[in-house]
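Worksheet for the structure shown next.
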Protein chains: 2
Amino acid sequence: MEAFADKQAGSASASAGTTARGEATRDAIRRAAEALFAAHGFSAVSMRDIAARVGVRASALYNHFPAKQDILADLMETHLLRLTAALDAALPQADAPPAERLAAFARFHVRYHFDEADAVFLSYMELRSLEPGNRARINALRGAYEARLRGILREGQRSGAFRIEDPAVEAMALIAMLTGVTTWYDPAGRLSRAAIENIYVAMAARSVGLGQEGEASCSSGA
Amino acid sequence: MEAFADKQAGSASASAGTTARGEATRDAIRRAAEALFAAHGFSAVSMRDIAARVGVRASALYNHFPAKQDILADLMETHLLRLTAALDAALPQADAPPAERLAAFARFHVRYHFDEADAVFLSYMELRSLEPGNRARINALRGAYEARLRGILREGQRSGAFRIEDPAVEAMALIAMLTGVTTWYDPAGRLSRAAIENIYVAMAARSVGLGQEGEASCSSGA
DNA sequence: CGATGAAATGAACGATCGTTCATTCATATT
DNA sequence: AATATGAATGAACGATCGTTCATTTCATCG
């Protein structure tokens, strides 16, 4: 979507005028809008707020996005495409043990949310601020991501590795649980990122009926 | 907080003029604002929107609430006080088995969220729309609710009934998981409320290392 | 160097925002 | 019936909203 090409070692394109400056501003707008939308909500943030953070006037934003709504849609679409692509790169292949794939999913999800908390929060909370057309498209992307986890749970249920009632419901429950980390995580807090990851991964495993460690097993003491 | 007294069989108060009409309007404002804030977000809803839903002009709202902000604060405070009181009424007493208390918590939480989805959503999502003073007060109420679950997890860990790493983190994770039901629940959907409750209760139990049913046990077949 | 065109500007637009206020309406008490 | 009082009204306020547009700035290419 959008242009999004030459950033460094630029040469080919750009007929005249400026070249990479516009793209730099567009990215700055994205970053500013992401932070502000996540902090205050889409409709509580004005175009002038975004422009001020970029260091530009509100009217300049319209050289890069046709409307405020399109900034939000762009942020969500970009985030969800990257998220799903990164997940597919992080997941073991489909024939790996479901327990391993679930653990990888949980770890990926929490870790990704540490780094992209604003984008994640936005994409889950501001669907209601989108016009119907944009909303349907973004919702489909979100559904594709959720389908990955649903598939893992279904396979685990089918193979007997997991002891669960309903893969669809449990997928939503797990995603909500893992996503919640962004609401309380504090970089200066008591626990390191790695420690928090491990706790969530272990919870996810137990929630599908797995023992303490990877596979099945039982009666593992402490 | 506020007046909130005589509604029926009124007699004592109300010096002159009208009596219960004002309180009825105030409640209608609360209901309208709750639905609109939950659907569109605090700052996307105007006082005129709320008034229109009540069947009154915007200026009439100021006979009942000093400002828009106070409607939101009132909704959150009322909700959180009721929520915590209802939880305390639903929880087995403190010397009951932690597994039983956890199951009761999970069932209560999901069930309450079915009925009060709007208020719940509001109180978890619109903290950022509150002024610092209101935010601190509401946040304390939320913390009191979360502390109930944290206490259950700590007791289960202490007694050895639960196999968990960190009660504080797991409390936040469980609440996020249970609260998430409001984001996808559809009254016309595939599953009944009772079925969904049971799935969440079972997941909560497994997530703290319990077997399929209430107590510990292990190697439970299916 | 002058031409070119994207990027940024400042002013302005119509609309809508939260809120105020003098006034009117409606009701319960005396 | 007269009165007192809370509730609702309609108009208006200053501010701010998203957006448009003619103009200016400025880095690049021929």
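Only a predicted model underlies this, so the values are computations on that prediction, with no experimental measurement involved. Chain naming here is simple, since letters A, B, ... match the order of the sequence lines and numbering starts at 1 in each.
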Does the protein touch nucleotides 8-18 of chain C at the base, only the backbone, or not at all? Give it as B, S and - per nucleotide, heavy atoms under 4.0 Å.
BBB-B----BB
Gap between atoms CZ and P, on R26(A) and dA7(C) respectively (whole Å):
7 Å
Selection residues 145-155 of chain A - residue pairs positive for salt bridge (Lys or Arg N to Asp or Glu O under 4.0 Å), sequence neighbours left out:
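Of all non-adjacent pairs touching residues 145-155 of chain A, those that pass salt bridge (Lys or Arg N to Asp or Glu O under 4.0 Å) are D88(A)-R148(A), R142(A)-E146(A), E155(A)-R158(A).
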Between N63(B) and R26(B), do the side chains contain a donor N or O and an acceptor N or O under 3.5 Å apart?
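Checked: R26(B)/N63(B) side chains show no N/O donor-acceptor pair below 3.5 Å.
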Tell me yes or no: between the side chains of H109(A) and T179(A), is some donor less than 3.5 Å from an acceptor?
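Yes - a donor-acceptor pair under 3.5 Å links their side chains.
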Charged N to carboxylate O under 4.0 angstrom, D115(A) versus R193(A)?
yes
So is K68(B) actually on top of F42(B)'s ring, under 6.0 Å and inside 45° of the axis?
yes
